[in-house]
Protein chains: 2
Amino acid sequence: MDVTDTDLVLDAVGEPNRRHLLELLHDQRESTVSHLVDASGMRQPQVSKHLKVLANAELVSVRTDGRFRHYRLDGRGLQVAHDWFSSFDDVWHARFDTLDELVSTDPNPDQAEEHLR
Amino acid sequence: MDVTDTDLVLDAVGEPNRRHLLELLHDQRESTVSHLVDASGMRQPQVSKHLKVLANAELVSVRTDGRFRHYRLDGRGLQVAHDWFSSFDDVWHARFDTLDELVSTDPNPDQAEEHLR
DNA sequence: CGATTGCATTCCTCTAGAGGAATATATACG
DNA sequence: CGTATATATTCCTCTAGAGGAATGCAATCG
C-alpha cells in the first residue's frame with residue numbers, strides 16, 4: 001500500500017483546520033503565517049505544522065521574503081483532489097437521469113424512490 | 001463551529017480505507033457487506049463501521065433485502081465534495097494562464113518559475 | 001424448531017496525530 | 001552589536017478514532 005498523491009492530498013484535506021487554512025488562502029492571494037494565525041485563531045506552531053502538511057501534499061506553496069514566508073494555494077494538489085471526485089461524476093449524472101425519467105414517465109412519483117440518491 | 005455537510009463529507013473521505021470502499025463501490029453498482037469484506041481485506045466489523053460513517057455523510061445509501069444490505073454510492077455526498085474543490089478552480093485556471101503567458105512571451109522559461117504552481 | 005448466515009453493535013485497546021509550551025533559527029531594526 | 005520579530009521545530013501530553021474480539025439480532029435454511 002504505497003501512499004499516492006491522492007492519498008497525500010485527501011489525508012491532508014481530511015482535517016477541518018487545514019480546510020479552514022485553504023479557505024483563508026483562497027481569499028487572499030497570498031498570506032504570511034502571522035496573518036493566518038490572526039485569521040484562523042490557531043496558535044502559530046499549529047499553523048506552521050498544518051502548512052507543512054499542506055505543502056507536502058502540494059496544496060500550498062511558499063515564497064520566502066526575508067523573515068516572512070508567503071503562502072499561497074497550489075493548483076497541483078487541489079486538482080488532484082478535484083480529479084478524484086470527478087471520476088465519480090457518473091454517479092450523480094445517473095441520479096439526474098433517473099430523476100428525469102421519473103418526472104417524465106411516472107404518474108405517481110411519491111413511490112419508488114428507493115435508492116434515488 | 002457547527003459541522004456542515006462539507007465537514008461531514010470531507011472528514012469521512014479523509015480516511016484511506018473509506019476511500020478504498022468508495023472505489024470498490026464504484027466498480028460494482030451495488031455491493032453487499034460481505035462482498036466488500038472480501039474485496040477490501042478488512043474485517044467485517046470495520047467495514048460496517050466505515051460504511052456507517054459514509055452513510056452518515058450521504059456518500060453511500062443502503063437497500064435492505066432480507067438479511068442482506070446492498071450498499072451503493074450516493075451522489076449527494078460525492079457532489080458536495082466535488083463542489084467544494086470546484087470552488088477553487090480559479091487557482092488552477094490561473095496556473096495555466098500564467099503558463100500560457102510564459103510560453104508565449106518569455107524567451108527563457110527556465111527562470112522565474114517562482115510560485116508557478 | 002435449532003443452526004447458520006449476514007450484518008450491526010458494543011467494549012476494549014492502542015496508536016496516529018492534533019494541540020500546547022518552550023526553544024531554535026534566521027532576519028531585520030535601532 | 002543587542003533586541004525584536006517571523007517562523008520552524010522539538011518535545012510532551014492527550015484525545016479521537018481505527019482496529020480487534022465478542023456478542024446481539026434478524027432472516028433464512030434444513
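In what follows, every chain begins at residue 1, and chains take the letters A, B, ... in the order their sequences are listed. Every heavy atom of this structure was used, including side-chain atoms; hydrogens, water molecules and symmetry mates were not.
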**Report entry** Single-linkage hydrophobic cluster A:Leu22~A:Val62, side-chain heavy atoms < 4.5 angstrom
**Finding:** yes
Would you say [N] has OP1 or OP2 under 4.0 Å from some side-chain N or O of [X]?
{"X": "B:Arg18", "N": "D:dA18", "result": "yes"}
{"X": "A:Arg69", "N": "D:dA8", "result": "yes"}
{"X": "B:Arg43", "N": "D:dG20", "result": "yes"}
{"X": "B:His35", "N": "C:dG6", "result": "no"}
{"X": "A:Tyr71", "N": "D:dA8", "result": "yes"}

Grab the [atom1]-[atom2] distance between [X] and [N] for me, whole Å please.
{"X": "B:Leu36", "N": "C:dG6", "atom1": "CG", "atom2": "P", "value": "14 Å"}
{"X": "B:Arg19", "N": "D:dA18", "atom1": "CZ", "atom2": "C1'", "value": "14 Å"}
{"X": "A:Met42", "N": "C:dA21", "atom1": "CE", "atom2": "C1'", "value": "15 Å"}
{"X": "A:Lys52", "N": "D:dA8", "atom1": "NZ", "atom2": "C1'", "value": "8 Å"}
{"X": "A:Leu21", "N": "C:dA18", "atom1": "CG", "atom2": "P", "value": "12 Å"}
{"X": "A:Asp38", "N": "D:dT5", "atom1": "CG", "atom2": "P", "value": "14 Å"}
{"X": "A:Gln46", "N": "D:dT13", "atom1": "CD", "atom2": "C1'", "value": "12 Å"}
{"X": "A:Leu51", "N": "D:dT9", "atom1": "CG", "atom2": "P", "value": "11 Å"}

Enter the distance from [X]:[atom1] to [Y]:[atom2] here, rounded to the nearest 0.5 Å.
{"X": "B:His35", "Y": "B:Leu24", "atom1": "NE2", "atom2": "CG", "value": "7.5 Å"}
{"X": "B:Ser48", "Y": "B:Tyr71", "atom1": "OG", "atom2": "OH", "value": "6.0 Å"}
{"X": "B:Lys49", "Y": "B:Gln46", "atom1": "NZ", "atom2": "CD", "value": "4.5 Å"}

Query raised in the report: Once the angle between the rings of A:His82 and B:Trp92 is folded into 0 to 90°, is it parallel (under 30°), tilted (30 to 60°) or perpendicular (over 60°)?
Result: tilted
Residue [X], side-chain atoms from C-beta onward, closest of [options]:
{"X": "A:Glu15", "options": "D:dG19, D:dT28, C:dA18", "value": "C:dA18"}
{"X": "A:His50", "options": "C:dA18, D:dT9, D:dA22", "value": "C:dA18"}
{"X": "A:Phe68", "options": "D:dA6, D:dT9, C:dG19", "value": "D:dA6"}
{"X": "A:Arg67", "options": "D:dC29, D:dT5, D:dT9", "value": "D:dT5"}
{"X": "B:Pro45", "options": "D:dA21, C:dA18, D:dA6", "value": "D:dA21"}

Report summary line: Heavy-atom nearest pair, B:Thr64 first then B:Arg69, reads OG1-CD, 3.4 Å
**Report entry** Upstream residue (5' side of DNA chain C) when A:Asp65 and B:Ser48 are each assigned their closest nucleotide
**Finding:** B:Ser48
Query - Side-chain donor/acceptor contact of A:Gln44 with base of D:dA8 under 3.5 Å - result: yes
Query raised in the report: Does any donor-acceptor pair link the side chain of A:Lys49 with the base of C:dG20 at a separation under 3.5 Å?
Result: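 Indeed there is one.
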Query raised in the report: In residues 6-14 of chain B, which ones come under 4.0 Å of DNA chain C, going by heavy atoms?
Result: none
Query raised in the report: Thinking salt bridges, do B:Asp11 and A:Arg19 make one under a 4.0 Å N-O criterion?
Result: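 Here B:Asp11 pairs with A:Arg19 in a salt bridge, since their nearest N and O are under 4.0 Å apart.
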Query raised in the report: Is there a donor in the side chain of A:Gln79 and an acceptor in the side chain of A:Trp84, or the other way round, less than 3.5 Å apart?
Result: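 No.
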